[in-house]
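Nothing here was measured: the structure is a model prediction, and the numbers come from that model.
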Amino acid sequence: MTKHDPADLDEQYELVAGRKAPFTMVPDWITLHEDLDPQAKAVYGVLAMHVNVSKGDNISWPTRLTIAGMLNWSREQSPDKYIQQLEAAGAIDTEPMTRPNGAKGKRYIVHQTPPPGFAGPTTVKEWYARKRDELAKAGPAPRPGRPRKPVAPAPAPEKPGAKKSVAAKKTTPAKAAKEKSPAELELDQRAHKGAQLWWDEHAPALVEAKQMTRLTGTPRQRSSKFLALRGMIRGALAAEYDPRQILAALKELKLWLPSAQQFDAALGRQDGVQGKAGGRRGVQPIFKNDQWQPDEPEKGAAPTAPDLDVFGVQTDDVT
């Protein structure tokens, strides 16, 4: 409970009776009982509704199904837990009975006064008095607003030439992130230029030729796709794929952003990897399907001299 000034408890509200209807009296000690769940207090009210006042015996015998139905519970067993709470609190007593139809049941004796030795509040006046005592012992309530964090004292200045303590070393800023090497920066530039080449020239041309769908999505989604494509191209360049192979693979797929699996398979086909679709990526078959002999490399084939990089950066072996 939130702490308040004890004087706040003296604030009074005027209660005016409205429309009148049949009612059931629930004692204050039941409502104020700290060990009873709200559901148990509701069950007490249902049992009290069934007491025949004219008999004066404070006995009722509604079925569990009736109690559950009046409290909008779907299970017949739902009241059992709260009936046990009421018995433990001394609010009711139960005894077995046999109904006129022969069914076994329970008879509930509903008590209006607390059991002997009850230490809880029995009236609203007692409840307020206890709360005043609790608040007075707790002291004044804190001022409203966000609590301030305690300010740590400033460390004492160190003498020139003195060694730093362990605590001072822990408070020093973390080391700066590792800077990229010139080769990594060049790879980033080539990947970015390659993504732009596909994004701004080749893909729009295929869209114009009705061979690709238009780029959809919000500006933020399009930016995310571009960055993902740039990362895929960077990985292909790092794997020493030729930029022309990368563009040819993208043209083959005709997608703004292919999946990693599609891109790897297209790169493999551009690199001459043989094998049926769905097989292990990047693994060339040892033997042909039509003969039980290993493949032999073609004789007389010599690699051509490299051209300028398609992405605008000259390769290292070009003089």
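For E95 and K106, the salt-bridge test fails: no basic side-chain N is under 4.0 Å from an acidic carboxylate O. The pair K137-E134 does not count as a salt bridge, with every side-chain nitrogen at least 4.0 angstrom from each carboxylate oxygen.
The ring of W199 has its center closer than 6.0 angstrom to the ring center of W256.
Within 6.0 Å of atom CD in Q77, more than 12 heavy atoms from other residues, nucleotides or ligands are found, so the atom counts as buried in its surroundings.
Heavy atoms only, all atoms of each residue included: L32 and T123 are closest at CD1-O, 3.4 Å. When all heavy atoms of A238 and L187 are compared, the closest pair comes out as CB-CD2, 3.9 Å. Between A236 and L267, the closest heavy-atom pair is CB-CD1, 3.8 Å. Taking both residues in full, the closest heavy atoms of T98 and K104 are given as OG1-NZ, 3.6 Å, listed atom of the first, atom of the second, then distance. In terms of heavy-atom proximity, I233 sits nearest to F263 at N-CE2, 4.5 Å. Across all non-hydrogen atoms, the minimal contact from E126 to G120 is OE1-O, 4.1 Å.
The backbone N or O of D242 lies less than 3.5 Å from a partner atom in the side chain of Q245, making a donor-acceptor pair. Side-chain atoms of K254 come within 3.5 Å of backbone atoms of K251 as a donor-acceptor pair (strictly under, hydrogens ignored). The backbone N or O of S259 lies less than 3.5 Å from a partner atom in the side chain of Q262, making a donor-acceptor pair.
Listed by first then second residue, pairs satisfying side-chain hydrogen bond (donor to acceptor under 3.5 Å, both in side chains) with a partner in residues 26-39 read D37-Q85, not counting sequence neighbours.
Contact annotation: the side chain of V43 approaches that of L71 to within less than 4.5 Å [non-hydrogen atoms, C-beta and beyond]. Taking 4.5 Å as the limit, some side-chain heavy atom of M70 sits within range of a side-chain heavy atom of M49. Between Q270 and E252 there is a side-chain heavy-atom pair separated by less than 4.5 Å.
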Would you please test H111 and D93 for side chain to side chain contact (heavy atoms under 4.5 Å, CB included) and show each step?
CA-CA 8 Å; H111 300 293; D93 287 327; 2.8 Å; yes
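Using cut-offs of 30° and 60° for the angle between ring planes, the H192 and F226 rings count as perpendicular.
A donor-acceptor pair shorter than 3.5 Å cannot be found between the side chains of S224 and Q221.
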